[in-house]
Amino acid sequence: TQLLEQSPQFLSIQEGENLTVYCNSSSVFSSLQWYRQEPGEGPVLLVTVVTGGEVKKLKRLTFQFGDARKDSSLHITAAQPGDTGLYLCAAQHSGTYKYIFGTGTRLKVLA
Amino acid sequence: DAGVIQSPRHEVTEMGQEVTLRCKPISGHDYLFWYRQTMMRGLELLIYFNNNVPIDDSGMPEDRFSAKMPNASFSTLKIQPSEPRDSAVYFCASSLGAGTGWYEQYFGPGTRLTVT
């Protein structure tokens, strides 16, 4: 059973556009992470959020954890071709050590 | 540090054959994870170890899969006998346990397995 749904599944945009990717669940999480994966490589951690309502920024990327800690969003401003990749959210339930990964959003930014 | 090392990078085998995937975690990390990634099912956790001891193997699909960690610097994932539906990319990841609850996993480059 997939506990984390990401939307959209696929996104193709022009360089310079803005976009938002969503990660949703009906469960409450103790922490949530976003990873980016490029072809032929393993996922690389971008950010971890742990507090409801928390907002973190990483250059042109803005990450938000929902107030109820059930959902998260990733916003990219002025997308660049280098942002192309598979974006994965991963969530950790309270009392467990492991992370469950979302379904993924495949982003392509055209020059 | 060289990061997490996996071998082989690509494996093509025939149905029924035994397959062994290898992983060397980052030195000093005390957790090791095995994942499988497919288009249909995404990235799934198979098993993870803490200090070389298996903690949770609930993601291992069936008895054909087994994993070992004989020491802190080496782990194997074995499939015997292999089946075409085992075709996937298998990732190994390691992390340093943290008292804060969350932790960063460092992934290897993966092994692409094709079973014909």
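Of the two parts of B/Met40, neither the backbone nor the side chain holds a non-hydrogen atom closer than 4.5 Å to a non-hydrogen atom of chain A. Proximity to chain A (any heavy atom under 4.5 Å) is restricted, for B/Phe33, to the side chain, taken from C-beta onward.
Put simply, OH on B/Tyr103 and OH on A/Tyr99 are 6.0 Å apart, with the number rounded to the nearest 0.5 Å. A/Gln33 contributes atom CD, which lies 7.0 Å from atom CH2 of B/Trp102 (distance to the nearest 0.5 angstrom).
Contact annotation for residues 83-90 of chain A against chain B (heavy-atom separation below 4.5 Å, listed by residue number): A/Leu86, A/Leu88. Using non-hydrogen atoms only and a strict 4.5 Å limit, the part of residues 53-73 of chain B facing chain A consists of B/Asp56, B/Ser58.
Classified by interplanar angle (parallel below 30°, tilted 30° to 60°, perpendicular above 60°), the ring pair B/Phe107/A/Tyr35 is perpendicular.
Annotation for B/Ser95 and A/Tyr97: closest pair OG-OH, 3.9 Å, computed over non-hydrogen atoms.
Residue-environment remark: CZ (A/Arg36) exceeds the threshold of 12 foreign heavy atoms within 6.0 Å.
Contact tally against chain B (heavy-atom pairs below 4.5 Å) for A/Thr48, A/Val50, A/Val44: the top residue is A/Thr48. Considering only heavy-atom pairs separated by less than 4.5 Å from chain A, the leading option among B/Gln6, B/Glu44, B/Arg9, B/Gln105 is B/Gln105.
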inquiry  = Working note: A/Gln37 + B/Gln37, criterion side-chain hydrogen bond (donor to acceptor under 3.5 Å, both in side chains); need CA distance, chi angles, decisive distance, verdict.
reply    = CA-CA 12 Å; A/Gln37 183 179 15; B/Gln37 187 174 39; 2.9 Å; yes
